[in-house]
Amino acid sequence: MGALVVAAGDEFTPPTADAFNLPAIFGWVTKPMLLAVLSVVIIVAFFLLTTRKMSVVPGKGQFLVESLYDFGRNNIAREQIGANDFLRFVPLVLSLFTFILVNNLFGLVPILQFPTMSHIGFPLALSVLVVYPVYHYAGIRRHGLGGYLRNQLVPPGAPKFVYILLTPIEFFTKFVMNPITLAIRVFAAMFAGHLLIMLFGISAEYLLLHGEGLVKAISAFSFAGALAITFIEALIMVIQAFIFALLSANYIGAALADEH
């Protein structure tokens with residue numbers, strides 16, 4: 001087996017986390033920044049173009065945008081926030097879902113080929129600067145500051161001595177870990193998936209160009225692996241966008257709820 005991996009030319013160097021540190025294109029502007037802006041342009045253009053001529057019998061574009069809106073409205077916002085409060089949060093939930101979805105799918109687009117959310121700063125900014133203040137503000141506005149803190153940190157029904165341990169845990173979970181874990185989920189999935197695709201793709205190219213004899217044929221398995229992971233990653237990209245929007249709505253619903 002050792003003879004099979006011997007190749008002519010340079011040694012194989014697997015991709016590392018450094019592959020995600022892209023150089024600036026101009027000034028301090030990097031490719032992920034441009035992709036984030038491009039995603040906004042794409043999303044705005046999509047909604048404007050598909051809704052400019054609404055009709056009772058929808059065309060393909062109108063049907064697509066209505067299905068997307070219905071999914072965000074009923075399957076995410078309404079289910080997680082509740083029938084009485086969900087409507088005002090639908091634009092936020094739908095925006096989060098579409099923004100993350102488009103930026104994830106960039107990883108499959110030729111030339112672009114980079115999922116923006118594989119840079120931790122982007123999902124962390126959405127979580128800490130958007131979702132986090134929104135659900136805490138909604139809860140404070142509903143219950144008042146004291147009522148909200150009591151609702152979040154002192155769940156009813158537990159023995160009083162348990163609160164000595166339970167309240168700090170609730171505080172750490174609700175005010176520290178929730179926004180961090182929300183961001184890490186999508187970041188970790190996009191980072192790992194893109195790294196695997198690069199690994200299989202680079203391995204296949206290396207075996208094909210530098211391998212000898214049977215090694216060149218083995219490169220076909222690496223290409224097949226890269227293709228299979230790409231299809232799996234496409235599914236994960238959609239799921240992670242859904243999970244981010246779903247958990248965001250869940251946090252808002254929990255903040256508005258009368259009981260913990």
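The first residue in the sequence is number 1, and the count goes up from there.
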Compare every heavy atom of Ala24 with every heavy atom of Thr30, then report the nearest pair and how far apart it is. CG2-CA, 4.1 Å
Here the gap from Leu38 atom CG to Leu112 atom CG, rounded to the nearest 0.5 Å, amounts to 6.5 Å
Within this structure, what is the CD-OG distance for the pair Gln62 and Ser67, rounded to the nearest 0.5 Å? 10.0 Å
I want to check something: taking the side chain as every heavy atom from C-beta on, are Ser222 and Leu207 in contact at a cut-off of under 4.5 Å? yes
Would you check if Leu94 and Arg73 make a side-chain contact, meaning some heavy-atom pair closer than 4.5 Å? no
If hydrophobic clusters are built from ILVMFWY residues whose side chains come within less than 4.5 Å, do Leu101 and Leu235 share one? yes
ring-ring contact (aromatic ring centres under 6.0 Å, His included) between Phe200 and Phe223, intermediate numbers included: CA-CA 7 Å; Phe200 275 84; Phe223 278 118; over 10 Å; no
On a heavy-atom basis, which atom in Pro133 and which in Ser127 lie closest, and how many Å separate them? CD-O, 4.5 Å
For Gly107 and His194, work out which heavy atoms get closest and say how close. O-CE1, 4.3 Å
Test item: Leu92 and Ile252 side chains (from C-beta on) under 4.5 Å apart, heavy atoms: yes
Rounded distance [0.5 Å steps], CZ in Phe171 versus CD1 in Ile169: 13.5 Å
Distance-only side-chain donor-acceptor flag, His136 / Tyr148, under 3.5 Å: yes
Scanning both residues in full, the closest heavy-atom pair of Leu256 with Ala138 reads CD2-O, 3.5 Å
Which distance, rounded to the nearest 0.5 Å, do you find between the CD of Glu233 and the CG of Leu108? 7.0 Å
Are the side chains of Asn178 and Tyr135 in touch, meaning some heavy atoms are under 4.5 Å apart? yes
Out of curiosity, Met198 CE to Ile229 CD1, how far, rounded to the nearest 0.5 Å? 11.5 Å
Can you confirm whether or not the ring centre of Phe191 sits under 6.0 Å from the ring centre of Phe20? yes
Measure the shortest side-chain to side-chain distance between Tyr132 and Phe175 over non-hydrogen atoms and say whether it is less than 4.5 angstrom. yes
Phe187 vs Phe122, test: side chain to side chain contact (heavy atoms under 4.5 Å, CB included). Steps then yes/no. CA-CA 9 Å; Phe187 157 72; Phe122 290 94; over 6 Å; no
Using a cut-off of 6.0 Å, state whether more than 12 heavy atoms not belonging to Arg150 lie near its atom CZ. no
Got Pro32 and Phe114 here, is their nearest side-chain heavy-atom distance under 4.5 Å? yes
Of all heavy-atom pairs between His143 and Asn151, which one has the smallest distance, and what is that distance? NE2-ND2, 3.9 Å
Could you walk me through whether Thr50 and Lys60 pass the side chain to side chain contact (heavy atoms under 4.5 Å, CB included) check? CA-CA 9 Å; Thr50 53; Lys60 294 180 180 179; over 6 Å; no
Are Met117 and Ile120 grouped together when hydrophobic residues (ILVMFWY) are joined by side-chain heavy atoms under 4.5 angstrom apart? yes
Validation row, ring centre Tyr69 to ring centre Phe47 under 6.0 Å: no
Verdict with reasoning, Asn74 to Glu79, per side chain to side chain contact (heavy atoms under 4.5 Å, CB included): CA-CA 6 Å; Asn74 297 319; Glu79 289 288 332; over 6 Å; no
Step by step, work out the side chain to side chain contact (heavy atoms under 4.5 Å, CB included) result for Val102 and Phe46. CA-CA 11 Å; Val102 172; Phe46 169 75; over 6 Å; no
For residues Met237 and Leu64: do they belong to one hydrophobic cluster (side chain heavy atoms under 4.5 Å, members Ile, Leu, Val, Met, Phe, Trp, Tyr)? yes
Using side-chain heavy atoms (C-beta onward) and a distance below 4.5 Å, is Val109 in contact with Leu105? no
Arg88 atom CZ, over 12 foreign heavy atoms within 6.0 Å: yes
Tell me whether Asn250 contacts the main-chain N or O of Leu246 through its side chain, where contact means a donor paired with an acceptor under 3.5 Å. no
Any non-hydrogen side-chain atom of Val186 less than 4.5 Å from a side-chain atom of Asn104? yes
Enclosure of Tyr163 OH (heavy-atom neighbours >12, cutoff 6.0 Å): yes
Residue from Ile81, Val93, Val90 passing side-chain contact (heavy atoms from CB on, under 4.5 Å) with Ile76: Val93
For Ala255 and Gln152, which heavy atoms make the closest approach, and how far apart are they? CA-NE2, 3.9 Å
Are Val130 and Ile100 connected into the same hydrophobic cluster when the rule is that any two of I, L, V, M, F, W, Y join if their side-chain heavy atoms are below 4.5 Å apart? yes
Can Val37 be reached from Leu96 by stepping across I, L, V, M, F, W or Y side chains whose heavy atoms are under 4.5 Å apart? no
With rounding to the nearest 0.5 angstrom, report the CG to OG1 distance, Leu153 to Thr167. 6.0 Å
